[in-house]
Amino acid sequence: MNAPENLFAGAEPHVMKTYGRLPMALSHGRGCWVWDTEGKKYLDGLAGIAVNTLGHAHPKLVPALQDQIGKLIHCSNYYLVPLQEQLAAKLCQLSGLTNAFFCNSGLEANEAALKLARKFGHDKGIERPEIVVYEAAFHGRSIATLSATGNAKVQAGFGPLVEGFVRVPLNDAAAIENLAHGHPNIVAVFLEVIQGEGGVRPATIEYLREVRRICDERGWLLMLDEVQCGMGRTGKWFAHQWAGIVPDVMPLAKGLGSGVPIGAVLCGPKAAGVFGPGNHGTTFGGNPLAMRAGVETLRIMEEDGLLENAARVGAALRRGLEEGLAGVAGVAEIRGQGLMIGIELARPCSALLGRAAEAGLMLSVTAERVIRLVPPLILSEDEARQMVAILVPLILDFLAEPQ
Ligand SMILES: Cc1ncc(COP(=O)(O)O)c(C=O)c1O
């Protein structure tokens, strides 16, 4: 069945202009390919910004969601929701954590984590708790999460910001130790394992281990925002697992529902008991449709070996880019892990978004000069080769232009 013909559209746009959009609309997709309403086909290197884990119209996911929609979409958290238990148990098994709270998006997961950290402090008698956050971080666009975000553009116009954050540079453990001396009220450290919007910038393995050690020594919560880098994208279920550490709190969202809106906060023993009845909640969070999407996404990822695929195809994609761009002046760095890759150019390159679309490739540009590839985790090596074949000439042509 097709969507109803647009009965309400007038000449004037009524959707608020919160995004600079390309003048095109997608109509449908299959696997790692999408088509626009004019019939043009694109290779999807964006996955709806690291969301469509299983690509589009996945033959196992679609019937499962249809089944769930025919049974129960939403019922509220006044009742037990068995699918919540099922998804929580699986996520805990994969992460080594013990409990989950479900919500609907990345910022909501982070908002819950920030509230939890504050209450963790209050429960210890700290009335004005502080949370360590990072330069170039991105945690969302609610007032609290944009205050935690380290980007002046995201914050501009929305003051007064929420207080209680202290900021450090990434990958500098001494900066946290120094900060700790003057800030006895710190209760948590909150960071992305790979900064996504900040330009695909990874925390190093050594740094993650150091921060874990500092948090243990000082009784702080280690809270890892894996909203973008988690859910198998780097080749492990969660990006911090490359460092062999376990956080106390981990917000998730994006890829967890393979396109169905969902968020989750996973907690370990230090944090799991902080919220009690009445401390936090959401109408939609944990609804059966989103939970089924999460359960099925994880099941299909396991059945189809998508962690291994993300690692192998990600490495092939990166190799192809490195070979195609080797020695090119104007390419500053290619970095990332698995199917989360950033190509940093020496100059702003947001123009590449539209040019890539013209050439049949979806991608994004973050932090002004970083081309970001976060394709579905089902990407094949052949599709990775096609991606390289489209993208490398685009970058070379762009860099050949006078500035
Ligand atoms: C690391 C990280 N945290 C939080 C968010 C916010 O997620 P949402 O847009 O679902 O609110 C994002 C979104 O890009 C993100 O990359």
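When a ligand or atom number is given, it counts from 1 through the structure's own listing order. Every value quoted in this text rests on a predicted model; they were computed, and no experiment measured them. For the single chain, residues carry numbers from 1 onward in sequence order.
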Q: Measure from NZ or CZ of Arg233 to the centre of the six-membered ring of Phe238 and say whether it is under 6.0 Å with the direction within 45° of the ring axis.
A: no
Tabulating one pair per line, provide the atom names and distances (0.1 Å) for every N/O atom of ligand 1 that is less than 3.5 Å from a protein N/O atom.
residue  : atom   : partner : partner atom : Å
ligand 1 : 3 (N)  : Asn110  : ND2          : 3.4
ligand 1 : 3 (N)  : Asp225  : OD1          : 3.4
ligand 1 : 3 (N)  : Asp225  : OD2          : 2.8
ligand 1 : 10 (O) : Gly106  : N            : 2.8
ligand 1 : 11 (O) : Leu107  : N            : 2.8
ligand 1 : 14 (O) : Lys254  : NZ           : 3.2
ligand 1 : 16 (O) : Gln228  : NE2          : 2.7

Q. For residues Asn309 and Asp304, is any side-chain donor paired with an opposing acceptor at under 3.5 Å?
A. no
Q: Validate the cation-pi geometry between Lys17 and Tyr19: distance from NZ or CZ to the six-membered ring centre under 6.0 Å, angle to the ring axis within 45°.
A: no
Q) Using 4.0 Å as the upper bound for N to carboxylate O, is an ion pair formed by Glu358 and Arg355? A) no
Q. Do Arg319 and Glu381 sit within salt-bridge range, that is, some charged N less than 4.0 Å from a carboxylate O?
A. no
Q.
Please enumerate all residues that pass salt bridge (Lys or Arg N to Asp or Glu O under 4.0 Å) together with Glu206, with sequence neighbours excluded.
A. none
